[in-house]
Amino acid sequence: ILELSGFVESLSGAHGKAEEYYRRALDALQAGGPTRDTQAIEAEIARELLSQDRVDAAEAALNRIVSGQADLGLRTQIVVNSLSARIAARRGAHSEALGYARKAAALSEDIDDLRLSADISFTLSIVHRDAGLIAEATSSANAALDRYLAKGAALPPGKPSTIQNCHSG
């Protein structure tokens, strides 16, 4: 229930509250040691930290995830690569950002998760835009928009203006 509450808060744009719910869910699960579930929640915490512009904290959280002993689940690998792409793009490391974003896209080709698929296209649009690849940014932004709106999904807060920015360069 805590993880679902974090997801709902994140969708509403309340990233601080989402982070709190994810941390409480993680605390409850960590008693049994690291698992794919705890890694997935740690990745969601990193996403919420980045959404609050806490880039260094998000990067530290991602480093803890990838330096752990357990193998990462597919979803966690996708999220970690996507967030790493966004962090690298913010730091101006465009080649590195493109590498992470492309890896996330390749890993997510066959997933059946509309939100995650849309998030990956959204990340690609940001990374492409920041690297000056406007045509690719527009294409990725359109793919993200299509995926967010498919099957009645609503656009998360903040995404419409960023997608519009990718369209306009």
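For reference, positions follow the sequence shown, starting with 1.
The shortest distance between side-chain heavy atoms of V80 and Q39 does not fall below 4.5 Å. Side-chain contact between T76 and E42: absent, with no pair of heavy atoms (C-beta onward) separated by less than 4.5 Å. Annotation: side chain of L62 is in contact with side chain of I87 (closest heavy-atom distance under 4.5 Å). Between Y148 and D119 the shortest side-chain heavy-atom distance falls below 4.5 Å. The closest side-chain heavy-atom distance from D27 to L2 is not below 4.5 Å.
Of the candidates L133, I126, V127, D130 forms a side chain to side chain contact (heavy atoms under 4.5 Å, CB included) with just one, namely I126.
For S108 (side chain) and A105 (main-chain N/O), a donor-acceptor pair under 3.5 Å exists by modelled atom type. The closest donor-acceptor contact from the side chain of Y22 to the backbone of S5 lies at 3.5 Å or more, if one exists at all. E3 contributes no side-chain N or O that, together with a main-chain N or O of A25, makes up a donor-acceptor pair within less than 3.5 Å.
Residues forming a salt bridge (charged side-chain N to carboxylate O under 4.0 Å, His left out) with R91 (at least two apart in sequence, or on another chain): D56, E59. When the salt bridge (charged side-chain N to carboxylate O under 4.0 Å, His left out) test is applied to E48, no partner is found at least two apart in sequence or on another chain. Take D71 and apply the salt bridge (charged side-chain N to carboxylate O under 4.0 Å, His left out) test, not counting sequence neighbours, and it matches no residue.
Hydrophobic cluster membership differs between I111 and F122, with clusters built from Ile, Leu, Val, Met, Phe, Trp and Tyr side chains linked at under 4.5 angstrom. Both L4 and L26 belong to a single network of hydrophobic side chains, linked directly or stepwise wherever heavy atoms of I, L, V, M, F, W or Y lie under 4.5 Å apart. Taken together through direct or relayed side-chain contacts under 4.5 Å among Ile, Leu, Val, Met, Phe, Trp and Tyr, L116 and Y100 form parts of separate hydrophobic clusters. The cluster map of Ile, Leu, Val, Met, Phe, Trp and Tyr, joined by side-chain heavy atoms under 4.5 Å apart, puts V8 and V79 in different clusters.
Interatomic distance, R86 CZ to S51 OG, rounded to the nearest 0.5 Å: 5.5 Å. Note that the CD1 atom of I45 and the CZ atom of R54 stand 10.5 Å from one another [nearest 0.5 Å]. Rounding to the nearest 0.5 angstrom, the gap separating the NZ atom in K103 from the CD1 atom in I78 is 11.0 Å. Atom CD of Q30 sits about 9.0 Å away from atom CD1 of I41, to the nearest 0.5 Å. Taking OG of S82 as the start and CD1 of I120 as the end, the distance is 4.0 Å to the nearest 0.5 Å.
When all heavy atoms of R75 and E44 are compared, the closest pair comes out as NH2-OE2, 3.8 Å. Of all the heavy atoms in A141 and S125, the pair that sits closest is N-CB, 3.5 Å. Across every non-hydrogen atom of A85 and T123, the tightest pair is CB-CG2, 4.0 Å. Closest non-hydrogen pair, R115 versus L11, comes out as NE-CD2, 4.2 Å. Counting all heavy atoms, side chain and backbone alike, S10 lies closest to A18 at N-CB, 3.6 Å. Closest approach of S140 to H128, counting heavy atoms only: OG-ND1, 3.2 Å.
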Show your reasoning for whether side chain to side chain contact (heavy atoms under 4.5 Å, CB included) applies to E9 and Y21. CA-CA 9 Å; E9 294 296 339; Y21 278 118; 3.8 Å; yes
Check against side chain to side chain contact (heavy atoms under 4.5 Å, CB included), Q52 and R47: CA-CA 9 Å; Q52 297 171 69; R47 180 194 317 267; over 6 Å; no
Side chain to side chain contact (heavy atoms under 4.5 Å, CB included) between L49 and H15: does it pass, once the steps are laid out? CA-CA 8 Å; L49 291 167; H15 299 292; over 6 Å; no
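The pair D53-R90 meets the salt-bridge criterion, since a charged nitrogen lies less than 4.0 angstrom from a carboxylate oxygen.
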